[in-house]
Each structure stands twice: as C-alpha cells, then as structure tokens.
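For clarity, every value in this text was computed on a predicted model and none was experimentally measured. Chain letters run A, B, ... following the sequence lines, proteins first and then strands; every chain starts at 1.
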Amino acid sequence: MPELPEVEFVRRQLDPVMTHERIADVEVRRPDLRVRFPRQFRARLTGQTVEALTRRGKYLMADLSSSETLLMHLGMSGSFRIEGPGTRGSGLRTRRQHDVDRHDHVVFHMSSGATITFNDPRRFGLMDLLTTTALARHPVLSRLGPEPLSPQFDASALARACKGRKTPLKIALLDQRVVAGLGNIYASEALHVAVLSPRRRASTIATPTGQPRETAFRLTSAIKQVLTEAVDRLARTSYRSARFRVYDREGQPCLRENCPGTVRRRVQAGRSTFYCPVCQR
DNA sequence: ATTGAGACCTGTCGGC
DNA sequence: TGCCGACAGGTCTCAA
C-alpha cells in the first residue's frame, strides 16, 4: 500500500512515539524479511535513543544515539501498529487477531511503555542497521532521485533523468533513481493530471541535450500536486477513503472536464497502468 | 547500458 | 463450499 504519501503518513504517526524516546527492548519474531536482519540486531538497538525519524523516498530512517541508522521499508504490505501509553490501539486488532499476530515480525518496546509493532504479511519489507558510512554508500539509497516535494525536483532534474530513455514514461516514473517515492498509483495519477500518455517514451519530455520541454514542466507540477494532495488528505482523514482520478477506475468515465474518454487499464512492465487514451497524449 | 521477465511471499476476490 | 487463477500500492536479479 505504501508510496511516498503513505510512508510520510506512517512517519508522522511514529514520530511522537519514537523521536527522543529510548528503545527498551526489541523482539524479532521473524527475521527473514526481504533482507535478513543484520547480526546483533536486538543488541544494537536496545538502549538506543531515537534522535530523529526521517523519510527518503519510500524509506524510513531512525537515527540512533549510537550514530547507527535503522533503515526501514514497508514493501508492499508493511504497516506499523502503535499501542500503549498515550495511544489508542489501532482498528486492526478488532478485525483479524489471528492474521495480525501471525505477521507481526518486529516489536519495539519503548521505555515510555509504548509498543510499536511491524506487521508485514508479504514480507517484502526490510529492516537494516547501518553505520553512517554504510548509509552514504548504500547501493540503493545513494542513488535515489530527488525528493519530489523538494525544490531540487524541478523540470530540469526530471528532464535530465529522462533524457535518452526509451522506456515508457510511466516506467521511468517508477524508477526510484529518477524521482524518489512515486509508485504505481501516483505515477498513473500524475500522468493523468499532466495529460501525458503513460506509453510515450520517457525521452520525449526532454530535448536531445536534456533540456526540459513544456511537458516536463507539466509533469513535474502534476507529480507535486498529486503527492501534496495525498499527503494532506492522509493527514486529515487518517488513511483509506482515497478517490483516485484514474487508478482502479477501468471502464469508468475520464474525470477531466469535457473529456468523453473512458479509463483504460493496460499492463506495462508487469504492472497495471490506468489512463485515459483520449486526453492523455 | 537498458530493458523486460521472473522471482520473492501471502492474501483476497471473482468465476466456475 | 471449494478450488483456481489473476491480481495486489515494491524491488531485486538475471539474461538478452
């Protein structure tokens, strides 16, 4: 479920229970997530204070007093449950106690008494513990593209990253080295806002020398708009209830003013893309 | 160097 | 009801 807006939402949920708080203990119930847990995971975390909880793309990073960093990724199905002092348990509890427990892989016991549980049925998530140098050299993190909501992400940056790429534009947007944090939903959404076809070559938004064309400006602001809206909506309405422009709306009318098109689904690189073949060019 | 296909793992949903 | 395939919001690896 998690793309940048959802990960940012999770970060904001965790921040008050983690930042400036001490980790009293950690239970690892199942260490075989996408990446096997590092050695001494529990020992290296226990007793540490979380100094800051930040996000980069879809990654969460807890800076520890030991100056190591706890790196976390939610994969496809990861979530955190916060319980204990100062919190009201999450609705998950009532639903499926059994499945919830079955996929609880890591439990952080904070010295405040709060408990933070990482649950991930598909186990595509990851947790890792990295020194400052290892973090800077991390093969994925060090190559992440700009944060889409930062000033560093502009039409020039996007055009440069897309220059010469023959991949369909939608696929380029999913490449975290182009821009960090877009996923399958918001890539489709942004392309619809920008009125650009997901099928056109990525290189077409740049000139041969990598200068941004008008389409690059449109796409950049569409990405910012779509992500900002989603972050704001989550902040107001605590999860779900999302209404997308095209995602999962196959066969339904295009919502663009005066567009007679019908939303279509097509598979690109093994993933569903939703778009309006009439207005998106 | 790019790019597509398959793999990873579990759950859910619709059709027969 | 039960079985089966298709599909799910992410990423990695491997072969062409």
| Counter-base of C:dA15, judged by Watson-Crick or G-U geometry with both distances under 3.5 Å | B:dT3

| Watson-Crick or G-U wobble partner of B:dC9, both distances under 3.5 Å | none

| message | For the CZ atom on A:Arg55, are there more than 12 heavy atoms of other groups (residues, nucleotides or ligands in this structure) within a distance under 6.0 Å? | response | yes

| Is it true that atom CD of A:Gln40 has more than 12 heavy atoms of other residues, nucleotides or ligands lying nearer than 6.0 Å? | no

Could you work out which one of [options] sits closest to the side chain of [X]?
| X | options | result |
| --- | --- | --- |
| A:Pro121 | C:dA8, B:dG11, C:dT11 | B:dG11 |
| A:Lys58 | C:dC12, C:dG9, C:dT11 | C:dT11 |
| A:Asn184 | C:dG10, C:dA8, B:dG11 | C:dG10 |
| A:Ser272 | C:dC12, C:dA8, B:dT3 | C:dA8 |
| A:Pro168 | B:dT3, C:dT11, B:dG4 | B:dG4 |

Would you say [N] has OP1 or OP2 under 4.0 Å from some side-chain N or O of [X]?
| X | N | answer |
| --- | --- | --- |
| A:Arg122 | C:dG10 | no |
| A:Arg271 | C:dT11 | no |
| A:His103 | B:dG11 | yes |
| A:His73 | C:dT11 | yes |
| A:Gln176 | C:dT11 | yes |

[X] [atom1] to [N] [atom2]: how many Å, rounded?
| X | N | atom1 | atom2 | value |
| --- | --- | --- | --- | --- |
| A:Asp120 | C:dT11 | CG | C1' | 13 Å |
| A:Leu33 | B:dA7 | CG | P | 22 Å |
| A:Glu8 | C:dG9 | CD | C1' | 17 Å |
| A:Leu234 | C:dG9 | CG | P | 17 Å |
| A:Asp128 | C:dT11 | CG | C1' | 15 Å |
| A:Tyr59 | C:dG10 | OH | C1' | 9 Å |
| A:Leu126 | B:dC8 | CG | P | 18 Å |
| A:Asp248 | C:dA8 | CG | P | 8 Å |

| request: Establish whether the base of B:dC9 is bridged to the side chain of A:Arg123 by a donor-acceptor pair shorter than 3.5 Å. | output: no

| said: I'd like to check, for A:Phe124, whether its ring lies over the base of B:dC8 with centroids under 5.5 Å apart and a plane angle smaller than 30°. | reply: yes

Using the [atom1] atom as the point on both nucleotides, what is the distance between [M] and [N], in whole Å?
| N | M | atom1 | result |
| --- | --- | --- | --- |
| B:dA5 | C:dC7 | P | 15 Å |
| B:dC9 | C:dC14 | P | 15 Å |
| C:dG5 | B:dA7 | P | 15 Å |

| said: Students often get this wrong, so: under 4.0 angstrom with heavy atoms, is A:Tyr186 touching a base, only sugar-phosphate, or nothing? | reply: nothing

| query | How is A:Gly270 classified with respect to the nucleic acid when contacts are heavy atoms under 4.0 Å: base, sugar-phosphate, or nothing? | reply | nothing

| Can you name the closest pair of heavy atoms from A:Gln13 and A:Ile82 and give their distance? | O-CD1, 3.4 Å

| field | Value rounded to 0.5 Å, distance of CG in A:Asp15 from CD in A:Glu8 | value | 9.0 Å

| said: Please identify which of these residues, A:Arg243, A:Arg245, A:Lys224, A:Arg236, meets the salt bridge (charged side-chain N to carboxylate O under 4.0 Å, His left out) condition with A:Glu229. | reply: A:Arg245

| note | Applying salt bridge (charged side-chain N to carboxylate O under 4.0 Å, His left out) to A:Arg165 and not counting sequence neighbours gives A:Asp175

| field | With A:Asn184, the side-chain hydrogen bond (donor to acceptor under 3.5 Å, both in side chains) member among A:Lys170, A:Glu3, A:Glu189 | value | A:Lys170

